[in-house]
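Below is one structure, written out as C-alpha cells; the observations come after it.
A note on names: the letters A, B, ... follow the listed sequences, proteins ahead of strands, and every chain is numbered from 1. Just so you know, these numbers use all the heavy atoms, side chains as well, and skip hydrogens, waters and symmetry mates.
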Number of protein chains: 2
Amino acid sequence: MTSQNRKVNRRVLLASRPVGAPTADNFKMDEQPIPKPGEGEVLLRTLYLSLDPYMRGRMSDAASYAAPTPLGSVMGGGTVAIVEVSNNSSFAVGDLVESYVGWQDYGISNGKELVKLKGVELKHPSYAVGVMGMPGFTAYQGLIDIGNPQPGETVVVAAATGAVGSVVGQVAKLKGCHVVGIAGGPEKCKYAVEKLGFDKCIDHKSDNLKQQLQDACPKGIDVYFENVGGKVFEAVFPLLNTKARVPVCGLISAYNATSINHSEIALAQFQGAILKKRMRVQGFIIFQDYFIFYDEFKKVMGKWVEDGKIFFKEDVVEGLENSQNAFIGLLEGKNFGKLVIHVGDV
Amino acid sequence: MTSQNRKVNRRVLLASRPVGAPTADNFKMDEQPIPKPGEGEVLLRTLYLSLDPYMRGRMSDAASYAAPTPLGSVMGGGTVAIVEVSNNSSFAVGDLVESYVGWQDYGISNGKELVKLKGVELKHPSYAVGVMGMPGFTAYQGLIDIGNPQPGETVVVAAATGAVGSVVGQVAKLKGCHVVGIAGGPEKCKYAVEKLGFDKCIDHKSDNLKQQLQDACPKGIDVYFENVGGKVFEAVFPLLNTKARVPVCGLISAYNATSINHSEIALAQFQGAILKKRMRVQGFIIFQDYFIFYDEFKKVMGKWVEDGKIFFKEDVVEGLENSQNAFIGLLEGKNFGKLVIHVGDV
C-alpha cells in the first residue's frame, strides 16, 4: 500500500469483528476515488488520525453508548484535516480543522462537527486530537467535574503515561494533589515521575502491586480516575477513602475479554463500600456529557500547554497503512505516549 | 419488665454481637437510677424511639461509617423526648425535642444535638423521627440531590411502604415521575398504589420479579433509589437507562449476611454499565452529607405533610420492652410503615 498520494482515497475498513484481541485480519484496506463535496460541504484531507482505546468497542456488535461500526465500513476516528475544497462559506481552503474523517485519507463534511484549530494547536496540529482534543478534554473534565480534586488529596490514575492518564496526573498536580500513577514497566514509571511530575508511579507488572500502591498512598485514595478496571481496580479498591470519587472513563483491561471477568471483589462488596464510604462512582462519555464546556477547556488547557505547565508526549506512527498494527499494540500498552498516526502533510 | 414508670431508667443493652439475623439473646434489658443532668445539661424522657435498619450495622464490629456499639452499652437510636429538668437556658421543662437518647427511658444531653419540634411535628411528635426526621430527610435529599428526578422519568424504589421508600415514591410523584415500587406481599403493594399513589408496585416475593418490573417500566429506569441490594438490584440492573442515577441509601438484604453474597452480576459488568450508560452511583449518609439542608427540608416537607400531599404510615409498637422483637422483625420486613416504639407519654 502506497503513502497518501492525493490521487486516491485509501481507507481502512472493518473486515470482521474481533474475538478477543483484534488481529490484522479484522481490518482491510482499499482504495477509492477521492469523494466530491456537495453544496455546503467541504473536502477534508487527513493529516493526523487519533487512535484511542474506545475504538475497540465500536468493532464489536455488543450494545454500547455508540452504534457499532458496520462490517465493511470505514473505521471511525478523530482526525486533524486540512480543507482541500470548500463549498461552505465558514471554511476556506487550507483551514486546519478537528474533524471525524476516520481511518482514511479523505472525507466529506457539512462543517457542523468541525472545529477550527487555533492557538497552540496551529503549532502542534496533532495536539488537536491529543492534549487539546478529546483525550485531554476527557482527562480534564472528568477529573475536575466528577473527581473534584482538592489540595492535599491523593489522586490515582492508571495508564499514567497515556493520552488521558498523563493529563489527569498533571492537572491533579496543578490542583495541589498527591499524585500516584500506575503504568506498565519501569521506563514508563520513571517518565511519569521525572518528566510528568507525578509523586510516585507503580509498575502494574510488578508482583506486589497492592503493597506498593498502599505504600505510595499512605493517606488512602480520594480520587481514582478509572480507565483500566480489572486487577488495577482490585488494588485500588481497599484504599478508597470515605467520600472518594471515581470518574469512570474507560475499562481497557476488559475490552478484549471474551467472557466476563469475575473479580475477587463481589458486587455486594462494591455496593457496600459505595454506601459505607459514601463514594461517588460515575461514568461519562466526554462529548455527550460535557460538550458545552469544550471552549472553556480549550482556553484553560491552551494556556497551560503554552506556559509549559502541561507536558504531552506523543507516539507518532507514520502512515495510515500502519494504523492497524499500531491499534493492536495500543490495546496491549505498547505505545508510549498518545498514539497518533501521521497520515499526510500540509 | 414494667412500662415507663418515672422511677427508674430502663435500658436496652447490646449483650452480644449477632451472627446473621439478630435474636433476643443479643439484647439485655436492665434498670438504672434516673440520671441527673449537670451544668448546662437537660434530662430527657423518651416518648418515641425510632427503629431503623442502619442499627444492624452498629451491632457488628465490622468497620463502617460509624463506630460499633460497645458490648454492654445502650443501643443508640433517634428519639422524640420531653425535657424533664433543664439546666440549659435554651430549653424549658416540657419542650419536645428530636434527640438521640437511644433505647432507654431517660438520657442526658448538653443540648447541642437537640432540635425542638415545631409545626406539624407538634401535632404528631413521632413524625420527628419519621417523615419529618432522619428517614424522610434521607428519602427527600437522596432523591432530589443524587437522583435528580425529572418529569416523565421512571423512578424505582424498594421497601416501598417503609419509612424511606414511601417518601421517595411520593416525592417522585410530586416531581412528575412514573413511580414503581417494590414491596413484600400483595397487601403492601396494594397500599403503595392505592394509598401512596405509586403507578405500580411489584411483589418481590413473586416468582417473576424481573419480568414484572420490566413490564412496569416500559421506558427503563432513570432513578433507582437503592435501599435493598441483592436480588432486587439484580432485577433492576438490566433496566437502568443511560444517565441513570442510583442513590445508595441502604442495602438491607445484606445486613444479616454472614458471608459475601456473590451476585449473578459480576463487578466488571456493573463497572461496564456505569461506563457505557454514564451512570452515577453514589452512597450517602444523610446527616454527615446533608445536615446543612435539614432546615430547608423541614420547611418543604412540613408543608407537604400539612397539605396532605405526603402521606405517612406508622407501625407503632407499644413499650420499650418490645423494641428488640420489633427490630428483629424490621430486618425481615414484618413492619408495615415506619416502625416506631411508643415509649412514654407527655
Strictly less than 4.5 Å between heavy atoms, which residues of residues 150-162 of chain B line up against chain A? Please order them by number.
none
Taking every heavy-atom pair that is under 4.5 Å apart, which of A:Ala266, A:Gly230, A:Gly229, A:Pro247 has the most such pairs with chain B?
A:Ala266
Most contact-rich option vs chain B, by heavy-atom pairs under 4.5 angstrom, among A:Gly57, A:Ala254, A:Cys249, A:Ala66, is A:Cys249
Report yes if the side chains of A:Gln282 and B:Met279 come closer than 4.5 Å at any heavy-atom pair, otherwise no.
no
Heavy atoms, side chains only, cut-off 4.5 Å: are B:Lys243 and A:Asp289 in contact?
yes
Portion of [X] that has a non-hydrogen atom of chain A nearer than 4.5 angstrom:
| X | value |
| --- | --- |
| B:Gln288 | both |
| B:Lys277 | neither |
| B:Ser263 | side chain |
| B:Ile260 | side chain |
| B:Phe237 | neither |
| B:Phe284 | backbone |

Tell me if the CZ atom of A:Phe291 is crowded by more than 12 foreign heavy atoms within 6.0 Å.
no
Smallest separation among heavy atoms of A:Ile285 and B:Leu275, with atom names
CD1-O, 3.8 Å
Measure A:Tyr54 against the heavy atoms of chain B and call it side chain, backbone, both or neither at under 4.5 Å.
neither
Interface check, chain A: of B:Gln271, B:His262, B:Arg245, B:Gln269, most non-hydrogen pairs under 4.5 Å belong to B:Gln271
